[in-house]
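Here is the structure we will look at, set down as structure tokens.
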Amino acid sequence: MSGATPLERLDRLSEELGIDLWLKRDDLTGLGFGGNKTRQLEFYFGDALAQGADTVLITGAVQSNFVRSAAAAAARLGMKAVLQLEERVPNMGPEYYKSGNVLLAKILGAEHMSYPVGEDEAGADAALHARADELKEQGRKPYVIHLGLNHPPLGALGYVAAGQELCKQMQDFDTAVVPSGSGATHGGLLTGIALSTVPAQVFGVCVRRDTENQRTRMTVVLQKLADMLSIDPGLLLEKIEVWDGALAPGYGQIGPKTQSALEKMAQTEGIFLDPVYSAKTFAGLLDIVREGQIKPGQKVVMIHTGGLPALFGYQNELTHN
Ligand SMILES: *Cc1c(COP(=O)(O)O)cnc(C)c1O
């Protein structure tokens with residue numbers, strides 16, 4: 001990351017929704033199509049370099065932005081990347097396996113592995129470690145990027161910094177709205193804002209788990225983050241707000257709300273959202289406004305976390321309705 005990402009007012013949507021709506025353009029973080037993972041990977045690659053690693057291993061969904069961004073960062077630093085793709089989304093067509101992030105990661109020259117299950121964090125991690133051990137035997141120095149909850153969420157530190165960056169750009173917003181997946185982005189942003197003087201609330205829109213499961217996950221993420229920063233977790237835990245009204249039909253699947261939110265942003269502001277995260281987040285924002293949890297006239301910042309290459313992996317799903 002070099003410099004702050006832009007913060008743009010969405011004039012036409014503001015008028016339509018009766019709020020003061022801004023978009024933090026973290027889709028423009030740079031590095032191989034950008035997105036929120038650029039900020040997270042700065043901390044993982046910093047750690048990898050400090051440990052003398054020459055190879056980075058990471059696991060994610062087939063259309064994962066994290067693995068594509070990791071492959072780009074590895075290329076930039078002259079390292080090798082091993083990407084493990086998990087079957088997290090059922091019933092997808094051939095583009096899902098070939099286009100979008102899959103295509104980009106191939107161009108980046110990364111090694112690919114696949115894992116047949118999508119909801120087995122421990123198993124997926126174990127498979128990566130087995131590959132890391134093989135690489136070690138070949139004399140390489142592997143570094144595994146862990147996304148499971150039993151490891152410190154290093155990437156969340158990138159979003160603590162992003163929260164502080166946002167509060168420098170704008171001191172008087174009422175609400176931030178952000179996708180909540182692994183929780184690194186949501187947890188980091190919430191923490192960065194909590195450590196500032198801006199008294200804003202942070203809504204995490206669920207993209208993978210329902211409200212109850214995501215709240216539990218966020219509790220763990222925030223406790224670990226508070227440990228890393230040596231601050232009182234109580235300060236953070238009371239600020240958890242998660243909302244799952246746009247999650248259906250599930251992770252990486254496009255329901256009618258998500259599709260119409262994606263089209264609304266494009267057709268009203270000329271800005272693309274991705275089908276897995278940012279369109280769901282905008283669908284959530286629209287519902288939260290409709291339900292009155294965001295009040296008329298409030299100043300609201302949505303974080304655009306990027307993910308745009310996935311649009312091409314989802315071309316069938318986005319056009320068949
Ligand atoms: C990974 C990802 C998210 C979710 O971020 P977490 O830190 O895992 O919660 C949101 N948006 C995009 C585009 C992503 O790639």
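Quick note: residue numbers are just sequence positions, from 1. The structure displayed is predicted, hence computed values, not measured ones. We count ligands from 1, going down the list as the structure has it; atoms in each ligand are counted the same way.
Distances below 4.0 Å separate heavy atoms of Ser182 from the following atoms of ligand 1: 6 (P), 7 (O), 8 (O), 9 (O). Heavy-atom proximity to Pro179, at under 4.0 Å, picks out these atoms of ligand 1: 10 (C). Close contacts of ligand 1 with Gly307, meaning ligand atoms under 4.0 Å from a residue heavy atom, involve 13 (C). Each of the following atoms of ligand 1 lies closer than 4.0 Å to a heavy atom of Gly306: 13 (C). In the vicinity of Asn65, heavy-atom distances shorter than 4.0 Å reach the ligand 1 atoms 13 (C), 14 (C), 15 (O). Near Gly183, the atoms of ligand 1 lying under 4.0 angstrom from a non-hydrogen atom of the residue are 6 (P), 9 (O). The Ala184 neighbourhood of ligand 1 comprises atoms 7 (O), 9 (O), with distances under 4.0 Å to a heavy atom of that residue.
In terms of protein heavy-atom proximity, atom 7 (O) of ligand 1 is nearest to Thr185 OG1, 2.7 Å. Looking only at heavy atoms of the protein, atom 11 (N) of ligand 1 is closest to Thr305 OG1, 2.6 Å. Of all protein heavy atoms, the one lying nearest to atom 9 (O) of ligand 1 is Gly181 N, 2.8 Å. Shortest contact from atom 2 (C) of ligand 1 to any protein heavy atom: Lys37 NZ, 2.4 Å.
Using a 3.5 Å distance cut-off with no hydrogens or angles, the side chains of Tyr115 and Asp125 do not pair a donor with an acceptor.
For the pair Ser230 (side chain) and Ala226 (backbone), a donor-acceptor distance under 3.5 Å is absent.
Salt-bridge formation is not detected for the pair Arg209/Asp244: no Lys NZ or Arg NE/NH1/NH2 atom is positioned less than 4.0 Å from an Asp or Glu carboxylate oxygen. Ion pairing between a basic and an acidic side chain is recognised when a charged N comes within 4.0 Å of a carboxylate O; Arg290 and Asp287 show such pairing. Comment: Glu8 does not engage Lys24 in a salt bridge, judged by the lack of any side-chain N to carboxylate O separation of less than 4.0 angstrom. With respect to the salt-bridge test (charged N to carboxylate O, under 4.0 angstrom), the residues Arg217 and Glu121 qualify. Between Asp26 and Arg39 there is a salt bridge, with a side-chain nitrogen of the basic residue lying less than 4.0 Å from a carboxylate oxygen of the acidic one.
Around atom CZ of Phe43, more than 12 heavy atoms belonging to other residues, nucleotides or ligands sit under 6.0 Å away.
The closest approach between a heavy atom of His186 and any atom of ligand 1 is not below 4.0 Å.
On a distance-only criterion, Asn36 and ligand 1 share at least one N/O pair closer than 3.5 Å. Looking at Tyr277 next to ligand 1, no N or O pair under 3.5 Å apart turns up.
Taking the six-membered ring where tryptophan is involved, the planes of His151 and His146 are essentially parallel, since the angle between them stays under 30° and well short of 60°.
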